[in-house]
Amino acid sequence: MQTSQRNQRLCYGSSSSHGEFPLATNPSIVLHVLTECCLDPQDLARLEATCSFFRHAANFTPDVTLSLSELAALDMCKRRAIFRPMTSEERESLKESCGGSWKLVLRFLKAGELCYRREKIQAIAGPGHSIVVTKTGAVYTFGSSSSGQLGHGSLDEEWRPRLLRSLQGVRIIQATAGVGRTMLISDTGRVYAFGKDSFGDPEYGGPGSKNINTPQIVESLNGIFVVQAAIGNFFTAVLSREGRVYTFSWGADAKLGHQTEPEDQKPQLLRGALENKPVVQIAAGYCYLLALTCQSTGMAVYSVGCGLGGKLGHGTRSDERWPKMIEHFQHLRLQPIAVAAGAWHAAVVSEDGRVCTWGWGRYGCLGHGNEDCELLPKVVESLQGVKAVHVATGDYTTFVVTDAGEVFSCGCGESSSLGHLSGATEGQANRHANVLRPELVSSLKQRNEKVLQISLTNSVTWNAHTFALCDSGRLFAFGAGDKGQLGTELLDNESERGTPELVDINLS
C-alpha cells in the first residue's frame, strides 16, 4: 500500500511529499529533463495518456495554458534551425496545419529532417553531371557543363570535383539536378539555379530558353522559405518550410492542378488535397510528383501527374490532375517514412523497414522477380530479412540501403550502374546484366564501409552513374563516366567504371 501511495504522489504531483520529491513543486526541472532527453513526440503523447500530471496546464510562459509535454515539444522545436527564424504568426499557422499540437509540429519537423536531408553531406548523381554538398555547406560540381549546369562560368567539362567559389559565404543545405540544370538551397531558404533557364522542360529546353552558367537567385521564390526542390520532366517543384508544395510550369490543361504555360517562371501553390496538409518530402519523376505528408493520423503519400505504367499507385494507369492519396498503404498496414520517384516507377521505405515498389517493372526495377507493371504498391518480399532505411530510384533501377549499411540493387544493368560483379575480376564480370530481384552490391561490401546514402541518375536520356556516401565521410562512384561525372579519371578506352572508385574530395 505504501508503494502504491508513493507512486501516486510522484505521478500526480501530490503536495504531500513526506520526504519524496513531488513533481508539482518544481515542474521546471521536469521540463528540463523532458527536453534534454529529446523524447520523440510519441513518447510525449504517451506521457500525457498515462499520467494526468503531464496533461494539466503547467502555468509556464510563453503560454500558461500548455501542458508540460506540449511545452517540452515547443522547446525542442525552438532548438531546430528551421524553426527558430519563424515569426509567432508563422509558428501558430504551422501548428494549426499540423493538427493544433506542438507535439505534431515536432513530429513534422523531425520527419522533414529525416527525408529531405538524411545526412549533413549530400552527393547527387545528376544526368551527366554531379553535385556534392559538404558538411560545411560548400558545393563541388563536376561532369558535363553543356548548358552551364556546373556553375563555374563556362561550358567546359570538369573531370575532378571543383569548388563553386561564387557561393562562398553561402551555406547550402540541399541540391537537386535535372538534365542541364542545377538547383541549390541555402540554410536561409533561398534558391539558386543555373544551367538551362527553364522550369518547364529541362530535357530539351523551352522556346527561347537560355543558359545561365553561374548561380542566380530565383527571384520569383522570394518570400517562400524553401527546404527542398525536385526537378521532373516538364516541371519543377519546391517544398516550403511550412510544408506547402509549389510547382513551376506544365500546367497546360491543369495537369498539376493549375493553368500555366511551360515557360512560366512563377511558382503555383499545389492545391487540392495537399492544400492544408503539411508535406515533409517531395520526389519528382517523369511527368509526375510524389508528396509525403505528416498528418495527425500518420504519414501518407500523395501522387499527381502522369499515370503511365501505374506509377501513381492508385490501381490504374490514369493521369491525376490533382493530388490523390495512395490508399493501399493502409491496406498493407505500412507507415511510409520516405519516398523515391524514378522515371517510370516509385518506391517507399516504411517505418518498420519494409520496401514497397510500384509502376513500370521493366528490366526488373521493381524487384519482384519479373518485369510486370504493378498498379499498386507491393512489398519487395526478397528484402524481408533486412531493415531498409533509405531507397533511391532512377531510370529502371532501384537501390536500397539497410540499417547495417549494406546496399542492394536491382533493375537495368546498363552502364554498370548497379555495381554487381559476377566474376572474379572486373574484366570477367557480366556487369551489364539486368537484375530482377534486389541483390547485395558485393563490390561495395568489399570496401568494408557502412553506406548511408545512395544517389543515382534519374533520366531517360543519359547513361546512369551512382554515388555511395559512407559514414566514414568517403564517397564512392561507379557507372557511366564519359563526361567526368564520376569525379575520377578514366582510361582512354573507358567510358564507365564497374567497381566503386573513391572520389578525391574533402567532405568535411
Side-chain angles (χ1 to χ4, degrees), residues 111-119 122-125 176 228 230 232 280-286 288-292 299-303 311-313 326 328-329 332 334-361 363-368 374 376-412 417-420 435-441 444 450-458 464 466-470:
E113 291 167 359
L114 177 68
C115 292
Y116 61 78
R117 195 167 183 238
R118 290 190 68 251
E119 314 305 333
Q122 189 181 30
I124 303 295
T176 190
Q228 190 199 352
V280 297
Q281 185 198 4
I282 55 175
Y286 197 90
Y288 76 108
L289 180 72
L290 299 179
L292 177 66
M299 308 292 282
V301 180
Y302 290 75
S303 61
K311 58 190 176 184
L312 296 185
I326 301 178
H328 195 60
F329 292 120
L332 295 174
L334 184 148
Q335 186 86 193
I337 60 170
V339 297
W344 307 104
H345 72 293
V348 303
V349 174
S350 72
E351 190 174 34
D352 59 8
R354 286 182 288 171
V355 175
C356 279
T357 59
W358 67 95
W360 204 348
Y363 305 120
C365 63
L366 299 184
H368 301 305
E374 294 292 343
L376 292 168
K378 182 178 179 179
V379 175
V380 181
E381 298 294 340
S382 60
L383 290 173
Q384 291 286 56
V386 301
K387 182 177 181 180
V389 295
H390 174 64
V391 65
T393 50
D395 181 24
Y396 300 122
T397 51
T398 301
F399 278 73
V400 173
V401 181
T402 72
D403 59 348
E406 294 182 327
V407 179
F408 293 78
S409 68
C410 61
C412 181
S417 61
L418 291 181
H420 296 302
V435 179
L436 301 184
R437 286 188 175 88
E439 293 182 3
L440 181 68
V441 182
L444 280 172
K450 181 179 181 180
V451 176
L452 299 176
Q453 176 196 106
I454 289 285
S455 175
L456 59 152
T457 306
N458 189 11
T466 305
F467 284 134
L469 179 64
C470 305

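Keep in mind that the numbers below use all heavy atoms, side chains included, and drop hydrogens, waters and symmetry copies.
Note that OG of Ser303 and CG of Leu289 are 9.0 Å apart. Values are rounded to the nearest 0.5 Å. Here OG1 of Thr402 is found 8.5 Å from CG of Leu440. Values are rounded to the nearest 0.5 Å. Taken from CD1 in Ile124 to CG in Asn458, the straight-line distance is 11.0 Å, to the nearest 0.5 Å. The distance from the CD atom of Gln228 to the CD1 atom of Ile282 is 4.5 Å, given to the nearest 0.5 Å.
In this structure Glu406 satisfies the salt bridge (charged side-chain N to carboxylate O under 4.0 Å, His left out) test together with Lys445, sequence neighbours excluded. With sequence neighbours excluded, no residue forms a ring pair (Phe, Tyr, Trp, His ring centres under 6.0 Å) with Phe399. Partners of His368 under the ring pair (Phe, Tyr, Trp, His ring centres under 6.0 Å) rule, at least two apart in sequence or in another chain, do not exist in this structure. Every residue was checked against the salt bridge (charged side-chain N to carboxylate O under 4.0 Å, His left out) condition with Glu439, not counting sequence neighbours, and none meets it. Every salt bridge (charged side-chain N to carboxylate O under 4.0 Å, His left out) that Asp352 has, sequence neighbours left out, goes to Arg354.
Contact check for Leu334 versus Cys356: side-chain heavy atoms found under the 4.5 Å cut-off. Using a 4.5 Å heavy-atom cutoff, the side chains of Tyr286 and Lys311 are in contact. Within the 4.5 Å cutoff, the side chain of Gln453 has no heavy atoms near those of the Val401 side chain.
Here salt bridge (charged side-chain N to carboxylate O under 4.0 Å, His left out) pairs that include residues 378-397, with residues two or more places apart or in two chains, are Glu374-Lys378.
Classified by interplanar angle (parallel below 30°, tilted 30° to 60°, perpendicular above 60°), the ring pair Trp358/Phe329 is perpendicular.
A side-chain N or O of His420 and one of Ser409 form a donor-acceptor pair less than 3.5 Å apart.
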